[in-house]
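Heads up, the thing below is written out as structure tokens.
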2 protein chains.
Amino acid sequence: MTRRTRRTSGRVTLDDVARRVGVSKITISRALREPWRVSEGLRQRIDAAIDELGYIPNRQAGALASARSRSIALLVPSLSNAVFSEVIRGVDEGFVGSGYQVLLGHTSYSREEEAHLIDTYLSFGVDGFIISGSQHTESARQRLARAGLPICEIMELPEAPLDMAVGFDHEAAGHALTTALLELGYRQLGFIGARMDYRARRRFAGWQRALNEAGLSADACLTTEAPSDYRLGGCLLGTLLERHSGLEMVCCGNDDLAAGALFECQRRGITVPDQLGLTGYNGLDITEATTPTLSTVVTPRRRIGIAAATQMLSRLENGRVTQPLQDLGFEIALRESTRARGE
Amino acid sequence: MTRRTRRTSGRVTLDDVARRVGVSKITISRALREPWRVSEGLRQRIDAAIDELGYIPNRQAGALASARSRSIALLVPSLSNAVFSEVIRGVDEGFVGSGYQVLLGHTSYSREEEAHLIDTYLSFGVDGFIISGSQHTESARQRLARAGLPICEIMELPEAPLDMAVGFDHEAAGHALTTALLELGYRQLGFIGARMDYRARRRFAGWQRALNEAGLSADACLTTEAPSDYRLGGCLLGTLLERHSGLEMVCCGNDDLAAGALFECQRRGITVPDQLGLTGYNGLDITEATTPTLSTVVTPRRRIGIAAATQMLSRLENGRVTQPLQDLGFEIALRESTRARGE
DNA sequence: TTGTACGCGTTATCAT
DNA sequence: ATGATAACGCGTACAA
């Protein structure tokens, strides 16, 4: 029955360390956050005590007191889509050594789920948001606006960014790829797409525009809202080929579909690229591994992540940012699944 | 110069809502957590006020006051390895509607990084840990023990679980697959492996044991610590074939390597399974998509995630758990990349 | 059904 | 260089 109060968890606190060393707890706190303001000898005793006691700071208390959590939320549509693992890696890289913790969330391609996650992470007191895409619910926009936190929208180039943005133009990418194919001499082009989210629709639109501009038909297309995977690529290709004869080339909305389409061609004895050309989108590892390798659009996912983190950090620390809208471009990679020029 | 104090963030608090409604803040708090204990009419006015003001609870404050954060940490080695996206999905599923938030971390296959993440999430005040694997640093073990939180180790079956565990026996899986191959008549078997972490070594050990028991050579093996990817599968296969002639079958440590090996065979004009058999490990989507489809060991990743979440929840809410060590088994899937029985 | 008093573990502010 | 005090926003315990 000492003067002890609640202290339900046996957890070691700043106070415990302070008592152990014989100083006040604010000194311990300082030794941790501003070591140079604490005398050498004391600092060593403090470090030793922290080690002995196994003290672990309580970030909740710290965040409550300082009104900053030193954490940011990163919201991506999917964790199973390899596209985003590179983005995540980039963001992580960008925050390494900064003292910020990245809190990861996945929205399952749902704006409602995104809105919910935004609330959740707001209640966690994150200091900023990095969010894939520009399509948010009205409610989410309001919450974010009200919170007044730094926000970086990634992957695309929003017409009206909430705050900052890093990405590239998917419509232009779709258009550029298709134009490159036209230059190779392809005239009968098809398109298959799955999980037609905003970005997927943009690249599809680019494909259509390129064909329209060339006076070619853009009718041989087949898209679905279903999640993308390898087998779906095969199915869509099969259906497309049944419906449209004479296709020389099928552009796939992403690399998974393209790989699946390639496997289907192998199953059917269709040689690629001799009988049929194939392209993907994103430049995942698999596009360089298959036989034949897959032509695709290489997107700067890792660099987007790094740039977003850098932008966010600069905003968080210095307050301002030099370039609120960054276009990181893309690269057309023509490989073995498309015929060589003049062939 | 009112009696205002710090109130640096313009954030809406429980008190703001309370004043708006004209009750005390504890009533608002209750309306949120135990709605049935607040009178109907009042509850509606409270909900309305919350909506108007855009109140978002501060979990840090809540956690600080209640000593529970209603969040758990899920630690996986990698986010780019598709193996773990299924696990994550399972855990998420298991926690849906529970009110718990899953905080995700990836260790990059490093025990030191894992130890660091454990400290980080302890400082976030998580209520429990779900951790891939059983190999932790001594320091991590101590921290976890001292924290006294529920822990679920997943993917494997640790000899001495820290607390609870859900997984299966990788050595047995490697052995069972190899045995199945022997029954198909294969006698000259090779093995390639990458990222030889504990689990990868276990399945390799199973492969070796099966060959030893059959009196066959287990010399044709090639492993590396390098991260696994498709192209590496091709490289390793190439090297193995150069070093060992007469191989009828190459077992790959995971599906990525197997797919890469298959692509390499296609490149070299080696027909699978006629000239060479191939197997993978895990049962990722790609194994059912390639031509030929890949024989593999299907591992219960999603179910492991769900079971871990369920176990954790039951521990968190009821205090106890019926079966602290769950073996979820595995399944041998013989497909087109291995020859048919008696062929 | 609703309210009061206090503490959770930390940091900001101001003092010494 | 170090300390005292008062918040941060909420939940627990107990009271009314």
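Since the structure is predicted, the reported quantities are computational estimates derived from the model, not experimental observations. Proteins get letters first, then strands, A, B, ... in listed order; numbering begins at 1 in each.
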key: Distance test, side-chain N/O of B/S66 to OP1/OP2 of D/dG11, below 4.0 Å   = no
query = Just how far, in rounded Å, is P of C/dT13 from CZ of A/R37?
reply = 12 Å
request  = Please confirm whether the backbone N or O of A/H116 pairs with a side-chain atom of A/R143, one donor and one acceptor, at under 3.5 Å?
outcome  = no
ask   = Could you give the CD1-to-P distance, from A/I28 to D/dG3, as a whole number of Å?
value = 9 Å
request  = Choose from C/dA12, D/dG11, C/dT2 the nucleotide whose nearest atom is closest to any side-chain atom of B/L14.
outcome  = D/dG11
message = The criterion is side-chain contact (heavy atoms from CB on, under 4.5 Å); which residues satisfy it with A/P57, sequence neighbours excluded?
response = A/Y55
task = Indicate whether OP1 or OP2 belonging to C/dT11 is found under 4.0 Å from a side-chain N or O atom of A/S29.
result = yes
ask   = C/dG9 P sits how many Å from B/L122 CG, rounded?
value = 15 Å
message = Strictly below 4.0 Å, N to O, side chains only: are A/E86 and A/R89 in salt-bridge contact?
response = yes
remark   = Testing C/dG3, D/dG9, C/dT10 for proximity to the side chain of B/T13, the answer is D/dG9
ask   = Among D/dC10, D/dG3, C/dG3, which nucleotide sits nearest the side chain of B/A61?
value = D/dC10
query = Between atom CG in B/L64 and atom P in C/dG9, what is the gap in whole Å?
reply = 7 Å
request  = Measure from the side chain of B/A65, starting at C-beta and using heavy atoms only, and say which of C/dT10, C/dA12, D/dG9 lies closest.
outcome  = D/dG9
note = Taken to the nearest whole Å, CG/A/N58 to P/C/dT11 is 9 Å
task = Report yes if a side-chain nitrogen or oxygen of A/S39 is closer than 4.0 Å to either non-bridging phosphate oxygen (OP1 or OP2) of D/dA1; otherwise report no.
result = no
query = Does any N or O in the side chain of B/E156 come within less than 3.5 Å of the main-chain N or O of B/R199, such that one atom is a donor and the other an acceptor?
reply = no
query = Below 3.5 Å, does any donor atom in the side chain of B/R68 face an acceptor in the base of D/dG11, or the other way round?
reply = no
task = Could you tell me the separation between the CD1 atom of A/I50 and the P atom of C/dG9, rounded to a whole number of Å?
result = 16 Å
message = Taking 4.0 Å as the cut-off, does a side-chain nitrogen or oxygen of B/T27 come that near to OP1 or OP2 on C/dG3?
response = yes
inquiry  = My understanding is that only residues two or more places apart in sequence, or in another chain, count here; which of them pass side-chain contact (heavy atoms from CB on, under 4.5 Å) with A/L157?
reply    = A/D169, A/L325, A/D327
request  = Give a yes or no on whether the backbone of B/H106 and the side-chain of B/S78 come within a donor-acceptor separation of less than 3.5 Å.
outcome  = no
ask   = NZ of A/K25 versus C1' of D/dT2: gap in Å, rounded?
value = 15 Å
request  = Take the protein atom CZ of A/F124 and the nucleotide atom P of D/dG9, then report the distance between them rounded to whole Å.
outcome  = 18 Å
query = 5'-most contact on DNA chain D: B/G62 or B/R30, nearest heavy atom basis?
reply = B/G62
Sugar-phosphate only, base, or nothing, as touched by B/I26 at under 4.0 Å among non-hydrogen atoms = base
key: Check: B/R59 side chain, D/dG9 base, donor-acceptor under 3.5 Å   = no
message = Measuring to OP1 and OP2 of C/dT10, would you say a side-chain N or O of A/R11 lies under 4.0 angstrom away?
response = no
ask   = Taking the nucleotide of DNA chain C with the closest heavy atom to each, which residue, A/P57 or B/S24, is nearer the 5' end?
value = B/S24
